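Down below is the structure, laid out as structure tokens.
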Amino acid sequence: MNKEEILKEIIEQRKSIFPKDYTDKEISQEILDEILNSATFAPNHKHTKPWRFKVFRGSEKAKLALEMQAIYKAAQPGHLFLEKKYNDIGFKINKADAVVSIIVNFSGMVPEWEEIAAVSMAVQNMYLTCTANGIGCYWSSPKIVDHLKESLTIEENQKCLGLFYMGSLE
Ligand SMILES: Cc1cc2nc3c(=O)[nH]c(=O)nc-3n(C[C@H](O)[C@H](O)[C@H](O)COP(=O)(O)O)c2cc1C
């Protein structure tokens with residue numbers, strides 16, 4: 001296949017794949033590095049590089065799951081609390097091999113929407129690199145990420161736009 005055909009195939013094959021479909025196989029560090037590196041090639045106005053990604057694996061990921069569950073529980077009045085939703089938050093993070101927090105850093109040099117757009121393009125690069133490497137992934141943007149404090153250090157000029165879940169498919 002020539003370059004155009006390969007690119008077309010990867011773009012067309014890309015899709016969101018959820019943790020229930022991930023296997024237990026670890027993503028190699030080499031592929032994970034490649035996925036994160038691809039993000040940094042996204043276009044970004046005035047080269048502000050507005051993406052801040054933090055990778056969670058192993059015990060840090062387990063802690064993230066507990067914090068997300070605690071936030072959900074604290075935010076629900078008792079009668080709205082759903083055990084299934086609570087368990088599902090933990091299941092998804094624990095089933096993924098790696099979870100990346102998607103944070104935008106607002107530099108003040110360009111409009112905020114441009115920096116969100118640049119981060120989104122960086123995430124698309126990660127999606128495409130996952131697809132090319134047979135890794136399942138998806139962008140999740142639950143409201144509760146606004147309350148993550150222990151797992152993430154969010155500065156005044158930053159915002160968490162969600163979590164990027166990844167896991168092997170074979
Ligand atoms: C900014 C953004 C936020 C998203 N947030 C969620 C989410 O919170 N939950 C979810 O299930 N999917 C989320 N998605 C994934 C979309 O549901 C998915 O991209 C859409 O259904 C199209 O499917 P595809 O990615 O397979 O083409 C998000 C996608 C984007 C681009």
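Computed from a predicted model, the values in this text were never measured in an experiment. As the structure lists them, so they are numbered: ligands from 1, and atoms in each ligand from 1.
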Residue, atom name and distance, where the atom is the protein heavy atom closest to atom 19 (O) of ligand 1 | Ser16 OG, 3.3 Å
Ligand-side contact atoms (ligand 1) for residue partner Phe18, heavy atom cut-off under 4.0 Å = 11 (O)
Rounding to 0.5 Å, atoms CG (Asn94) and CD1 (Ile89) come to a distance of 11.5 Å
Could you tell me whether atom 17 (O) of ligand 1 has a protein heavy atom closer than 4.0 Å?
-> no
Between Tyr72 and Phe81, is the ring centre distance below 6.0 Å?
-> yes
Are the side chain of Tyr165 and the backbone N or O of Lys95 linked by a donor-acceptor pair below 3.5 Å?
-> no
Would you say Ser140 contacts ligand 1, with heavy atoms under 4.0 Å as the rule?
-> yes
Given the protein's heavy atoms, is any one of them under 4.0 Å from atom 10 (C) of ligand 1?
-> yes
Is it true that atom CD of Glu30 has more than 12 heavy atoms of other residues, nucleotides or ligands lying nearer than 6.0 Å?
-> no
Note: Glu12-Lys8 ion pair, threshold 4.0 Å (strictly below) = yes
So is Lys73 actually on top of Tyr86's ring, under 6.0 Å and inside 45° of the axis?
-> yes
Element-labelled atoms of ligand 1 that are located less than 4.0 Å from some non-hydrogen atom of Arg14 = 24 (P), 25 (O), 27 (O)
Which residue supplies the protein heavy atom nearest to atom 13 (C) of ligand 1, what is that atom called, and how far is it?
-> Trp139 O, 2.9 Å
Measure from the side-chain N and O atoms of Trp139 to the backbone N and O of Ser120, and report whether any donor-acceptor pair falls under 3.5 Å.
-> no
With only distance considered, is Tyr138 within less than 3.5 Å of ligand 1 through an N or O on each side?
-> no
Give the residue and atom name of whichever protein heavy atom lies nearest to atom 8 (O) of ligand 1, and the separation in Å to one decimal.
-> Ser141 N, 2.8 Å
What do you think, any protein heavy atom under 4.0 angstrom from atom 22 (C) of ligand 1?
-> no
Considering all heavy atoms, the nearest Ile10-Leu128 contact = CG2-O, 3.6 Å
Min N/O separation Lys15 to ligand 1 under 3.5 Å = no
